[in-house]
Protein chains: 4
Amino acid sequence: MNKRNAVPLRRYGTWFRLTRVSDGGNGAVTDTESGSAQPAPQKRADARRNQQRLLDAAAAAFITSGVDAPVRDIATKAGVGVGTIYRHFPTRADLIVAVYRHQVEACAEAGPTLLAESSTPHTALARWIDLFVDFLVTKHGLAEALQSDDAAFENLHAYFLDRLVPVCAQLLDAAATAGEIVRDLDAYELLRGVGNLCIGAGNDSRYDARRLVALLIAGLRLR
Amino acid sequence: MNKRNAVPLRRYGTWFRLTRVSDGGNGAVTDTESGSAQPAPQKRADARRNQQRLLDAAAAAFITSGVDAPVRDIATKAGVGVGTIYRHFPTRADLIVAVYRHQVEACAEAGPTLLAESSTPHTALARWIDLFVDFLVTKHGLAEALQSDDAAFENLHAYFLDRLVPVCAQLLDAAATAGEIVRDLDAYELLRGVGNLCIGAGNDSRYDARRLVALLIAGLRLR
Amino acid sequence: MNKRNAVPLRRYGTWFRLTRVSDGGNGAVTDTESGSAQPAPQKRADARRNQQRLLDAAAAAFITSGVDAPVRDIATKAGVGVGTIYRHFPTRADLIVAVYRHQVEACAEAGPTLLAESSTPHTALARWIDLFVDFLVTKHGLAEALQSDDAAFENLHAYFLDRLVPVCAQLLDAAATAGEIVRDLDAYELLRGVGNLCIGAGNDSRYDARRLVALLIAGLRLR
Amino acid sequence: MNKRNAVPLRRYGTWFRLTRVSDGGNGAVTDTESGSAQPAPQKRADARRNQQRLLDAAAAAFITSGVDAPVRDIATKAGVGVGTIYRHFPTRADLIVAVYRHQVEACAEAGPTLLAESSTPHTALARWIDLFVDFLVTKHGLAEALQSDDAAFENLHAYFLDRLVPVCAQLLDAAATAGEIVRDLDAYELLRGVGNLCIGAGNDSRYDARRLVALLIAGLRLR
DNA sequence: TATGAATGAGTGTTCATTCAT
DNA sequence: GATGAATGAACACTCATTCAT
């Protein structure tokens, strides 16, 4: 996870694009193992294997049935008992976060890179938002979960906001400072709006979330 | 919501009449406007009272728990037995449509009026969309239901689309013809986007759906 | 009802046979109107009309859905409110008895006639049982109700037994006295057995209740 | 029930083996006969205990309320949650078949044995029918279910007919070949009739199904 | 530590029966 | 008397979560 800054931005673009095509095996990794000392005695091998199988199964189930997929379905798909899921991920939010952590991190880290590489801050913002949309649109039910006020999703909200709001704020600020956009909107509100526009996008061929998000971003421009 | 006064009140009269045309016998006609001497076979007073209490309770429950609100909760809130709900509204879609019919009709009818009264078509569009947002923002479960692919909501979709898409299309068309906006977006997609932006708006004080919708409409403008 | 003895037996045979073909409008009549003095001031005409429509509707519903047919279905079919049913027939058993009274009476009265007309008592018994089977086989659910221990059917049991057991006993006794059959079986048990053999006979083309009943009666014969 | 001792007990061993062949994983194998050293993956002890309690409770409930007994009643009687029933027996037919499988198998297997052991085929038939009656008379709901046209019971019908009709046919055929009985009746119809005669036998002290069945079988004899 | 059996609250829906109009 | 609106008990079935093994 620390190595990732070395990966050129375009990688991320590709990554997200690949994601759209064949996501699911997104190699989620928990924070624990990216700790300080790699040679430290890692968890038992079978425990880690289970954790990985669980994440793969959950990712697959989330695609099929949304992030509300029945726990038992995920367990069956992973070839473990339901108890094992609860051991590794006490709440559903924990599981969802673990499944999508990689991609959220990648998205967060793409912000500064895009800002550095793009011709204008507004372009960087638009491209970054595209990344976020590409992510959400392919995760059925995630956008819904992000706006749900179900207490079970609190950790999920917290994680997404912690990681993405500062990045988005930086991009918005840069664009505003450059005089490209209004100062009307804070990062939280923008992300929420973009997230909402992604809801149900996968079910409805007549609805293209990307087009609407692009209009929203265009609407930010000062005239 | 203050803008709604722009829609003449008489519209509401028409409104009820239209309601009766496509009604399934549950038009939730309030006493107020049907006056005293109607030759139509009036329902029993208690039945009509219950019907109204049911609609009120359902509207409240939909806000709290979405349009999936348990039937029993609605019945309890209305102070009636569950059987009474099924008597008045055999399917859930019947109940949802009945709850929102008045406002949908009012919204639909406001379109042409606004177009006639506003300085430009784009202004009319923006004001009409405001009306729609004002409606949706207070009906939290509704926006979610409108994007759900649950078969129970098919009639709901059909009703909303039948009534609102043509109106929105007329407004979009007028604005495009006037050279004010792009032709990028069809009415269905715009309504869907606006509907999505309204999801969860009532639960989150940091999120103002109206502001985001305004940006979206601004984004339609030709530069 | 008192006139009926004047009707020759073969009438009854025809009647039952006709019943099998086109029963349903079986003209059930309550005891009340066959009282002592015809010129007495009868019930209001509409009340009697309702009663008759109810019986016709119930007979039809019993054929379609068995004697468990939903009360509201019967009411709807009769064009009356459910309350009217309960007024006329406080329990389901009352309704069933009223519907079938004519035929039960006819069957009961056929016993002595057959005994007088048949070549032997055993023949009379067999023919009388045939009458009973013909009756039951065409009344879906009735045989089931007759053996049900549901308290709602108590009156039904009582009525059937009161009317038919003595007749059957008379026939059995005559045959036993003539040395044709064993004395193993009392009338109650025989009727119960015959009733049971009729259960479900209408639903199953591979099952002919008449044939089995015939075997049972044959089994009574002394060897 | 005392005659059942005529069926050698070893049969019951065979019985269980047969059970396993066509079993859906719920063969209700008691501990007693599977001994200690079985290589098969044993179920958890509590699960097996529950399964047995469930079968006992279901058998009892079926007697009381018929095979339509409410799932929750059975669960309560067994001291388990309703979910446990659905885990073990996904459909009601599964539960019914499991409850009666042992006895149906025993009955089926008794046919050839009785034929071999009895003095005449007709005697064998009578004794076998007695076995069947002894079985049914104590399962009050069962006889009703066997004639029900409810789709939920289709598998039940199929199972009973598959197992018992061929056995009965063999016995009938032997007796007919021996010139003892008429060829009037096929095995299906006979079993259906016997089953019907058993309906409600347990509730009514004035009604002895065995006596009536004996008369029916006697009626088959050639005179 | 892993398993998956058990739990039971939650939900939609039907229908006999009562009773206000 | 007649009506039919209202009631609510009853039932099947699902699934998140706990905990004995």
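The analysis underlying the following values was restricted to heavy atoms, covering all of them including side chains, and did not include hydrogens, waters or symmetry mates. So you know, we letter chains A, B, ... as the sequences are listed, proteins then strands, and number each from 1.
Distance, B:Ile85 CD1 to E:dG12 C1': 11 Å, rounded to whole Å. A straight line from CG of A:Asp150 to C1' of F:dT17 spans 15 Å, rounded to a whole angstrom. Between D:Arg87 atom CZ and E:dA6 atom P the separation is 6 Å, expressed in whole Å. Straight-line distance from the CZ atom of A:Phe153 to the C1' atom of F:dA16: 12 Å, rounded to whole Å. Rounded to an integer number of Å, the gap from CZ of D:Phe89 to C1' of E:dA5 is 14 Å. Atom CG in C:Asp68 sits roughly 16 Å away from atom C1' in E:dT17 (whole-Å rounding). A straight line from CG of C:Leu54 to P of F:dA2 spans 10 Å, rounded to a whole angstrom. A straight line from CG of B:Asp46 to P of F:dA6 spans 5 Å, rounded to a whole angstrom.
For the residue pair C:Thr76 / C:Asp73, no side-chain donor-acceptor distance below 3.5 Å is found, with atom types taken as modelled.
Residue A:Val80 is classed as a sugar-phosphate contact, given heavy-atom separations below 4.0 Å to backbone atoms only. Residue-level contact check: C:Val82 touches the bases, meaning some heavy atom is under 4.0 Å from a base atom.
Side chain D:Arg72 to base E:dG10: a donor-acceptor pair is found below 3.5 Å.
The side chain of A:Thr84 contributes an N or O atom lying less than 4.0 Å from OP1 or OP2 of E:dT3. Note on A:His88: every side-chain N or O is 4.0 Å or more away from OP1 and OP2 of E:dT1.
Ranked by how close their nearest DNA chain E nucleotide is to the 5' end, C:Ala69 and B:Arg92 are led by B:Arg92. When the nearest nucleotides of DNA chain F are assigned to A:Pro90 and B:Asn50 by heavy-atom distance, the more 5′-ward of the two goes with B:Asn50. Mapping D:Tyr86 and D:Arg49 onto DNA chain F by nearest heavy atom places D:Tyr86 at the nucleotide closer to the 5' end.
Helical stems involving DNA chain E, defined as 3 or more consecutive Watson-Crick or G-U pairs under 3.5 Å, span E:2-21 with F:2-21.
Using a 4.5 Å heavy-atom cutoff, the side chains of B:Thr64 and B:Lys77 are in contact. Contact of the D:Ile74 side chain with the D:Leu95 side chain is registered, since non-hydrogen atoms from C-beta on lie closer than 4.5 Å. Within the 4.5 Å cutoff, the side chain of D:Phe89 has no heavy atoms near those of the D:Val71 side chain.
With B:His88 contributing its side chain and B:Gln52 its backbone, the two residues share no donor-acceptor pair below 3.5 Å.
With rounding to the nearest 0.5 Å, the separation of CZ in D:Phe153 from OG1 in D:Thr91 is 10.0 Å. Note that CG of D:Leu54 and CZ of D:Arg48 are 15.0 Å apart. Values are rounded to the nearest 0.5 Å.
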